[in-house]
Structure formats: C-alpha cells, structure tokens
There are 2 protein chains.
Amino acid sequence: MAVGGTRPGGRTARVRTAVLNAAGDALVEHGFDRLDLADVARRAEVGKTTVYRRWGTVTGLVADLLADMAEQSLPRTDNGSLIEDLRANARLVQRTLVDQRQGALFRAVIVAATCDSRAAEALHHFYAVRIAEWTPCVEQAIQRAELPPGTDPAEVIRAVSAPLYYRLLLSGDPIDDATAERAAQAAAAAARAGVYTTAGDSR
Amino acid sequence: MAVGGTRPGGRTARVRTAVLNAAGDALVEHGFDRLDLADVARRAEVGKTTVYRRWGTVTGLVADLLADMAEQSLPRTDNGSLIEDLRANARLVQRTLVDQRQGALFRAVIVAATCDSRAAEALHHFYAVRIAEWTPCVEQAIQRAELPPGTDPAEVIRAVSAPLYYRLLLSGDPIDDATAERAAQAAAAAARAGVYTTAGDSR
DNA sequence: TCATTAAAGGGACTGCGGTTCCGTTAAGGT
DNA sequence: ACCTTAACGGAACCGCAGTCCCTTTAATGA
C-alpha cells in the first residue's frame with residue numbers, strides 16, 4: 001500500500017507545467033496586477049481549486065514560475081577576453097529583457113518580489129545563481145592580469161546588468177545593442193580602474 | 001454666478017493632500033498589492049466615494065502620488081569636481097532608497113509603472129527631470145577637461161543610480177555607503193574612459 | 001450676503017476573486 | 001490485477017472591493 005510520501009507522478013507534473021505556462025501567458029497579456037488565478041486555471045484546462053490549493057496566491061504562483069525559469073538557465077560561453085565575455089553577458093541580458101515574453105515575465109517576477117517575501121527570496125536566489133555562473137570570466141581576467149587582484153567578480157557582473165534593468169524598470173528608454181555595449185564597456189572600465197577591488201579604492 | 005471651470009479651492013486641495021499622505025502611509029505599511037482604496041479613504045478621513053471618483057484605481061492614485069513627489073525635488077549641490085558631484089548624487093539616492101518610507105514609496109511607484117501606462121509615463125517623466133537636474137555637473141566636468149568632449153551627461157548620471165536600484169529591486173543586497181561610493185567611482189571611471197561619448201568607443 | 005454648482009459624503013448594492021465541500025480520477029505500491 | 005490515497009474537478013457559497021444614487025457641504029462670483 002502507498003503510505004505517506006509525496007506523489008510527483010505524471011499527472012501532478014503535467015498540471016504544474018500546464019499551469020506555469022498558462023500563468024506565463026496570462027502575465028504577458030494582462031500584467032501582474034490583473035492576473036486572475038481562475039483565468040490561469042481556465043487556460044491550463046485545470047480546476048480552479050487546484051490552482052488555489054497548490055499555489056494559493058498570485059505571488060506564490062509567480063515565485064514558482066521563477067523557480068522554473070531558474071532551472072533552464074543556459075550556461076555561459078567563454079569568449080577569451082574580459083570585454084568579450086562581458087559583452088556576451090550584456091547581449092544575453094539585453095536579448096532576454098527585450099523579448100516580448102521574457103521581458104514581461106521578468107517585470108512580473110520583480111514586481112512580485114517587492115510584494116511577497118517568498119518571491120523576493122526566490123528572486124534573490126535566482127540572481128545569485130546567475131551571477132555566480134558568470135563570475136569565472138572575471139576570475140580568469142584577474143589571472144590574465146587584465147584586472148587588478150582583489151577585484152570582486154560578482155560586483156563586475158552586476159555592474160553589467162544594472163544599466164539594462166534601470167532602463168527596463170525606471171527610465172523606459174529602449175534597451176538596444178548600443179546600451180548593451182556601453183554596459184559591458186563601462187563595467188570593464190570601472191573594473192580596470194580598480195573600483196571593484198575589495199581592499200580599497202585605487203582612484 | 002460660477003459657470004463652468006474647475007474648482008481647485010481649499011477643500012479640494014486639502015482632500016488631495018490628505019489622501020496622498022494616507023496613500024503613502026498605507027503603501028509603506030501594506031505594499032502596493034495590498035493597497036485598499038477604502039482603507040486609504042478611512043485614514044484620510046474622507047469619503048470612500050471621493051477616492052474612487054478622483055483617482056479610480058490604485059495605479060492612478062500612485063501615479064498622482066509620484067507627481068506630488070516630483071514637485072518637491074531638492075536642487076543639486078555644486079561640489080567642485082566630477083567625483084564629488086557624483087558622490088553627492090549617489091549619497092542622495094542611497095539615502096532616499098534606504099529610508100523606510102521613501103524606499104517603500106519608490107518600490108510602489110516602480111511597481112505601479114510596470115502595471116499602468118499612465119503611472120509609467122509619470123515615472124519616466126520623474127526620472128527625466130531628476131536626471132536633467134544633475135547633468136550640469138557632467139557638462140562642467142567636460143569643460144574642465146575632466147571628461148572627454150561628447151560625453152553624454154544623462155548617461156553618466158543614470159550610471160550612478162543604476163547599481164543602487166539594482167540592489168533595491170533585484171539582488172536585495174544592502175545599499176550601504178560603500179555601494180554608493182562604488183557607484184560614483186564606477187560612473188566616473190567609465191566616463192573618463194570615454195564609454196559614454198556619443199561619437200564612439202574609445203576603449 | 002446670497003445663489004449657484006463643483007465636489008464631498010453616506011450607505012445600499014453587486015460582481016467577482018477566493019474558499020469550502022465533497023465526489024472522482026489516477027499514481028504507485030503489493 | 002487490485003487497493004489505497006494523493007491529487008484533481010465541479011459547483012455552491014461567501015465576503016469585500018468597487019459602483020451607484022442621492023443628499024449635503026462649501027468654494028466662488030455677483
């Protein structure tokens with residue numbers, strides 16, 4: 001007999017992906033604040049009760065959606081030099097944010113994080129992982145003596161993304177190729193100048 | 001007789017400030033998604049109907065709140081050198097975002113902008129004005145030959161804020177003095193390296 | 001001071017997001 | 001193949017955010 005234990009079998013998994021996809025669609029169409037769980041259930045061809053039981057709230061659902069997105073992260077490519085690596089990273093982020101669907105999802109997920117602590121935790125984890133994936137390229141640059149020793153790798157990677165997100169969320173300016181290029185160049189210039197060394201400030 | 005025309009007299013203005021203050025309090029306490037207009041009305045000691053009639057939606061109210069915030073912007077100080085000016089700017093933004101009330105308000109306003117086009121417009125205008133206030137310090141730096149000619153002033157100022165907002169919204173890392181200092185130094189280093197020149201890239 | 005009329009107030013009403021209850025389906029162990 | 005039970009589904013139900021309607025207040029001009 002089947003005593004205790006969770007049941008991650010076929011149906012449950014199928015429902016989860018269906019609901020997560022539907023939630024993504026609904027978010028892209030209506031945005032975070034107009035998200036109706038009953039509508040998600042309808043799109044997923046799933047009982048409304050199921051959605052409420054398993055996810056409960058909009059932020060809970062979005063948090064799970066984020067966890068799902070985190071699983072399918074593409075590995076970074078090695079491009080030989082710091083600036084090439086940072087450029088590749090900037091382009092990747094740019095493409096993601098500009099993409100109709102992905103951009104809307106990111107906006108929704110960020111919004112959810114400001115409202116709900118679980119979503120916030122998921123988001124912070126997501127970015128911690130993403131950043132960690134790219135830190136090796138900075139470490140390599142330090143070994144190549146492209147950057148001063150003691151440079152904080154994570155800070156360099158974050159510096160590449162920051163201007164792009166600034167445009168996405170605050171200024172509304174387009175996130176074009178030139179923006180990505182500038183973001184990569186700026187991070188590289190600041191890093192070379194020793195701004196991100198943990199020890200101290202070297203002008 | 002009083003024919004036509006709006007009536008911006010005492011009571012109306014009094015109601016507006018009362019509601020805006022109450023909305024701010026409620027936002028700080030509950031956050032954007034838990035904002036209830038009836039609750040705002042209660043706090044403002046104003047009829048629920050009035051709030052719905054004049055602002056209609058949560059995003060509408062937040063948009064007006066932002067417009068109100070835009071009016072009371074403090075003028076920038078002149079600190080003699082580029083790095084000192086950027087440092088002052090970074091500190092100002094840092095203080096604002098760290099402040100319990102202001103930080104929550106900014107988060108709410110940014111969230112509203114992702115949901116509602118009017119709020120988005122208000123937000124973009126707000127930052128355009130804020131940025132414009134600080135561009136003179138970059139222009140002065142160009143004249144002093146601290147920066148290469150052709151440097152885009154707005155881009156430099158945005159570069160200072162971007163890492164701070166990144167922490168506020170995405171990573172959740174603390175926005176401390178060191179962060180502000182690094183933001184100012186990084187923007188200055190990138191600008192000196194010619195990253196923000198419109199002409200082209202001077203590595 | 002008085003007439004006029006924006007604008008605010010109060011309270012009943014309603015549509016819908018979210019919950020509850022209970023019957024049905026299928027995963028998975030034996 | 002069969003039994004057990006986690007998980008899903010349908011539908012009635014409920015409370016409250018948002019609307020409507022009508023009354024009251026006070027800003028403004030003559």
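The side chain of B:Tyr52 places an N or O atom within less than 4.0 Å of a non-bridging phosphate oxygen (OP1 or OP2) of D:dG18. Residue A:Thr49 places none of its side-chain N or O atoms closer than 4.0 Å to OP1 or OP2 of D:dG9. Not one side-chain nitrogen or oxygen of A:Arg54 sits closer than 4.0 Å to the OP1 or OP2 atom of D:dA7. OP1 and OP2 of D:dA7 both lie 4.0 Å or more from every side-chain N or O belonging to A:Thr12.
Between the CZ atom of A:Arg34 and the C1' atom of D:dG18 there is a distance of 12 Å, rounded to whole Å. Regarding B:Arg42, its CZ atom lies at a distance of 14 Å from the C1' atom of C:dG10, rounded to whole Å. The distance from atom CH2 of B:Trp55 to atom P of C:dA8 is 7 Å, rounded to the nearest whole Å. Look at CG on A:Asp36: it is 4 Å from P on C:dG17, rounded to the nearest Å. Rounding to whole angstrom units, CD of residue B:Glu45 and P of C:dG10 are separated by 11 Å. Here D:dA27 presents its C1' atom at 8 Å from CZ of B:Arg11, a figure rounded to the nearest Å. A straight line from CZ of A:Arg14 to P of D:dC8 spans 11 Å, rounded to a whole angstrom. Look at NE2 on A:His30: it is 14 Å from P on C:dC16, rounded to the nearest Å.
Remark: of the listed residues A:Asn21, A:Leu20, A:Asp25, A:Leu35, A:Leu35 is the sole one forming a side chain to side chain contact (heavy atoms under 4.5 Å, CB included) with A:Val40.
Aromatic ring centres of A:Phe32 and B:Phe32: separated by at least 6.0 Å.
In this structure, A:Arg54 contributes its side chain and A:Val15 its backbone to no donor-acceptor pair below 3.5 Å.
Looking at heavy-atom distances under 4.0 Å, A:Arg53 makes contact with a base.
No hydrogens or angles considered: a donor-acceptor pair under 3.5 Å links the side chains of A:Glu181 and A:Gln185.
For B:Leu37 and A:Val15, each mapped to the nucleotide of DNA chain D holding its nearest heavy atom, the one lying further toward the 5' end belongs to A:Val15.
The base of C:dG11 is not paired with the side chain of B:Lys48 by any donor and acceptor separated by under 3.5 Å.
The aromatic rings of A:Tyr166 and B:Tyr165 sit perpendicular to each other, their planes meeting at more than 60°, with 30° as the lower class boundary.
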